[in-house]
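Report on the following structure.
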Amino acid sequence: MQKGADQPIVMSGIRPTGFLHLGNYFGALKNYVRMQDEFTCYFMVADLHALTTLTETKELKANVSRVLAENIACGLDPDKVALYCQSHVYETNELYLILNMLAYVGELEKTVTFKEKVKLHPQNVNAGLLTYPVLQAADILLHRATLVPVGKDQEQHLEMTRNFSNRFNHRYGDVFPEAHAFNYGDELLKVPSLDGAGKMSKSENQYATIYLSDSDELILNKVKKAKTDSGTDPAAPMSESIVNLFNLMKLVCAPDVIKHYEDTYQSGTIRYGDLKKQLGEDMVKFISPIREKAESIRNDAKYLKEIMEKGAEKARKSAQATMLLVRDAIGLNYY
Ligand code: ADP
């Protein structure tokens, strides 16, 4: 498909709060890479979002470099997309402020991710955490994007983005199209953690998450320790931990390998040790080339600086065009 002016616009981002993992890859990055050939794409490192939970910023620079390097190592081409840092696009802050006037405290307090973070960081329940979905809406609406490749955990935030943009359009006039969460598959993905409790995540649950930077040995070890069950009664419903393992296999193993383990599960002869060994080896095959490529990019500071500058330039051009429309629609134009 040819990219053109009438093509949908794509926007998404990843926070530089730690190491990227299989959840980030399959929930977000894999779609980014495919979308870059079809659409006009804006992908950013959400460093301002990271500040909602980071109180210590010493690691920020290294984490931003890592996220950029891992994005590129996964196949993102900075010449095809705008790959930038959120904090380099100053227009984000203005739109964030304006959208805050269209977001109600009650709805923000009810957001699932806010409630989860309050539990995790009870000592740091700041207003930025509460308005996290507003900042995310600003990132998306700044480019008037309609497709947002994200994992299942972001579904509610996208619904909020639509609420804010619809309120803006209703109050001030049509500026924003509706944005929707996107995945090339049938539904949004949630990559489960290896211990069966929740999802793989950058900051929590590190031994149950497979990172794109994990060594081969560490990957094999983590998968070996993944939770299974003791029973192999094929008549009983499959336990959640085994469902999770099969779901993880679907991400990295060949169809005939998965079929083999499904058959042995059905016949009650499955050996979970063998399944985990196979899964671990297939994960190593998948991750090790990405890890090696990312490492070499991460060490090239000059190249990363060039990428960030070029990305910010492209993103600010689109952001400035939107902000002209926003200011006009509101009436913030006095001469
Ligand atoms: P994290 O939750 O690991 O800190 P972010 O909040 O920065 O990650 O999210 C970056 C992208 O990765 C988002 O699109 C998010 O939906 C996706 N994502 C994160 N974890 C998972 C997961 N376990 N499964 C699927 N997608 C995920």
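In this chain, numbering begins with 1 at the start of the sequence shown. For ligands, and for the atoms within them, numbers begin at 1 and follow the listed sequence.
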Can you tell whether the side chains of [X] and [Y] come within less than 4.0 Å, N to carboxylate O?
X      : Y      : result
Lys310 : Asp79  : yes
Asp256 : Lys259 : no
Glu281 : Lys285 : no

Between [X] and ligand 1, is there a nitrogen or oxygen pair with a distance under 3.5 Å?
X      : value
Ile14  : no
Ala28  : no
Gln154 : no
Met200 : yes
Tyr132 : no

Side chain, backbone, both or neither: which applies to Asp153 and ligand 1 if a contact is any heavy-atom pair less than 4.0 Å apart? side chain
Does His49 have a non-hydrogen atom less than 4.0 Å from ligand 1? no
Looking only at non-hydrogen atoms, the one of Gly23, Pro192, Gly198 nearest atom 27 (C) of ligand 1 is Gly23
Can you pull out the closest protein heavy atom to atom 9 (O) of ligand 1? Residue, atom name and distance to 0.1 Å, please. Asn24 ND2, 3.8 Å
